[in-house]
Q: 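Okay, handing you the structure first.
Chain letters run A, B, ... following the sequence lines, proteins first, then strands; residues in each count from 1.
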There are 2 protein chains.
Amino acid sequence: MNIGRASKLSGVSTKMIRYYEQTGLIPKAARHNSGYRDYDDADVHRLRFIRRSRDLGFTVEQIGGLLDLWADRSRASSDVKSFALGHIERLKEKMTEIEAMVRTLESLADHCHGDDRPECPIIDGLAENDGDSLRPKRREPQRFGRPGGQSARHHGGAAKVTL
Amino acid sequence: MNIGRASKLSGVSTKMIRYYEQTGLIPKAARHNSGYRDYDDADVHRLRFIRRSRDLGFTVEQIGGLLDLWADRSRASSDVKSFALGHIERLKEKMTEIEAMVRTLESLADHCHGDDRPECPIIDGLAENDGDSLRPKRREPQRFGRPGGQSARHHGGAAKVTL
DNA sequence: TTTGCGGCTTCCCACGATGGGAAGGTCAAG
DNA sequence: CTTGACCTTCCCATCGTGGGAAGCCGCAAA
């Protein structure tokens with residue numbers, strides 16, 4: 001089957017499938033005479049494995065390890081388990097960090113009246129500043145261009161978790 | 001003062017200070033005759049504001065908004081508060097996502113004996129596969145080079161939260 | 001004064017995972 | 001045969017950060 005079909009069946013974009021091949025996460029696909037990549041059910045299965053692993057927050061590099069563990073029918077289940085447990089630990093650390101941010105922000109926000117007056121403990125907290133002796137001048141209307149750029153929207157989508 | 005001093009005082013790396021200037025997050029620094037950038041206390045203060053905002057998980061673009069809010073002494077505190085509240089929401093979404101990953105992984109790990117036998121519900125869960133009819137062939141010893149790369153270690157540091 | 005060193009400058013490259021898009025080849029249906 | 005959907009490769013951008021080179025600057029010790 002073609003890459004588009006494999007993509008639909010696995011939930012991995014064609015871009016990513018080619019990328020995974022390029023980086024060696026998956027073996028080079030077979031090719032039709034035309035040059036089109038050809039996938040079979042086992043390939044799709046592997047791609048689904050990869051997608052599920054990504055959904056669980058593993059990096060591509062870690063997934064390389066998982067694929068090896070999957071392929072190795074003689075490795076101990078404890079190897080897999082410790083891999084998973086280590087990942088859980090990392091995820092929990094991340095949660096803890098975010099939790100700390102939330103706590104800080106909430107305590108700041110709790111003290112903010114949120115009315116039309118300008119005094120704001122949130123900004124003061126970020127500035128560690130009660131007066132405004134050091135309040136900066138207004139930034140000149142910066143259209144937020146990257147180094148030489150002309151602004152691009154392109155993916156202002158859903159929250160993502162990058163580890 | 002020089003950029004290195006401002007960096008030490010603010011906790012923002014010199015690389016980042018220049019980057020923030022380049023992207024317009026901060027105004028172009030004054031220069032000595034030598035061409036060296038020159039910072040004053042207000043600049044350092046702004047950098048500290050930026051660093052604290054980053055630590056709270058705001059993106060650089062959002063910090064642009066925060067700086068504007070800080071500079072605008074006539075804006076309502078409710079503007080700041082809704083900004084902060086929105087951010088808290090995004091943070092919580094992220095926590096929820098990670099929590100889901102952890103729950104899934106833990107339930108998988110709970111069923112794994114973690115002994116020296118190979119049967120492993122974790123791998124099976126990722127593969128959605130109870131037998132091993134579709135178990136992939138071993139990946140050829142891939143030294144995990146990027147497209148053309150010769151591997152780089154470079155920052156294998158602490159867990160970070162990227163939003 | 002020369003030498004040396006550390007700090008500064010700009011410029012380019014890399015990371016990880018992903019998407020956009022251009023230029024061109026292929027295939028099946030009409 | 002044309003059309004349109006699909007495929008190929010190649011390059012570029014994202015976001016925030018660091019690495020490192022090549023070259024200038026400033027200060028202090030020899």
Q: Can you find an N or O donor on one side and an acceptor on the other, under 3.5 Å apart, linking the side chain of B:Lys15 with the base of D:dG16?
A: no
Q: Base, sugar-phosphate, or nothing: which does A:Arg37 touch, judged by heavy atoms less than 4.0 Å apart?
A: sugar-phosphate
Q: Rounding to a whole Å, what distance do you find between A:Lys28:NZ and D:dT9:P?
A: 10 Å
Q: Roughly how many Å is it from OH in A:Tyr39 to P in D:dC6, rounded to a whole number?
A: 16 Å
Q: Do the side-chain N or O atoms of B:Arg5 get closer than 4.0 angstrom to the phosphate oxygens (OP1, OP2) of C:dG7?
A: no
Q: Name the residue from A:Trp70, A:Phe58, A:Tyr20 that meets the ring pair (Phe, Tyr, Trp, His ring centres under 6.0 Å) definition with A:Phe49.
A: A:Trp70
Q: Hey, which of these two, A:Ser34 or B:Gly35, hits DNA chain C nearer its 5' end, going by closest nucleotide?
A: B:Gly35
Q: Return yes if a side-chain donor-acceptor contact under 3.5 Å exists between A:Asp115 and B:Ser77, otherwise no.
A: yes
Q: A:Asp55 CG to C:dA17 P: how many Å, rounded?
A: 14 Å
Q: Can you measure A:Gln22 atom CD to C:dC15 atom P for me and round it to whole angstrom units?
A: 12 Å
Q: Examine A:Tyr36 and A:Ile26 and state if one hydrophobic cluster contains both, with Ile, Leu, Val, Met, Phe, Trp and Tyr joined whenever side-chain heavy atoms are less than 4.5 Å apart.
A: no
Q: Using whole Å, what does the distance between atom C1' of nucleotide C:dG19 and atom OH of A:Tyr20 come to?
A: 13 Å
Q: Counting side-chain heavy atoms from C-beta on, which of C:dC8, D:dT8, D:dG16 comes nearest to A:Ile3?
A: D:dT8
Q: Indicate whether OP1 or OP2 belonging to C:dA17 is found under 4.0 Å from a side-chain N or O atom of A:Arg51.
A: no
Q: Can you tell me how far apart OG1 (A:Thr104) and CD1 (B:Ile88) are? Round to the nearest 0.5 Å.
A: 9.5 Å
Q: Students often get this wrong, so: under 4.0 angstrom with heavy atoms, is A:Ser13 touching a base, only sugar-phosphate, or nothing?
A: sugar-phosphate
Q: Rounding to a whole Å, what distance do you find between A:His32:NE2 and D:dC7:C1'?
A: 10 Å
Q: Tell me the interatomic distance from A:Arg18, atom CZ, to D:dC7, atom P, rounded to whole angstroms.
A: 7 Å
Q: Establish whether the base of D:dG26 is bridged to the side chain of B:Tyr36 by a donor-acceptor pair shorter than 3.5 Å.
A: no
Q: Taking OH from A:Tyr19 and C1' from D:dT9, how many angstroms apart are they, rounded to a whole number?
A: 17 Å
Q: Determine whether a donor-acceptor pair (N or O, by modelled atom type, separation under 3.5 Å) exists between the side chain of A:Arg37 and the backbone of A:Ile17.
A: no
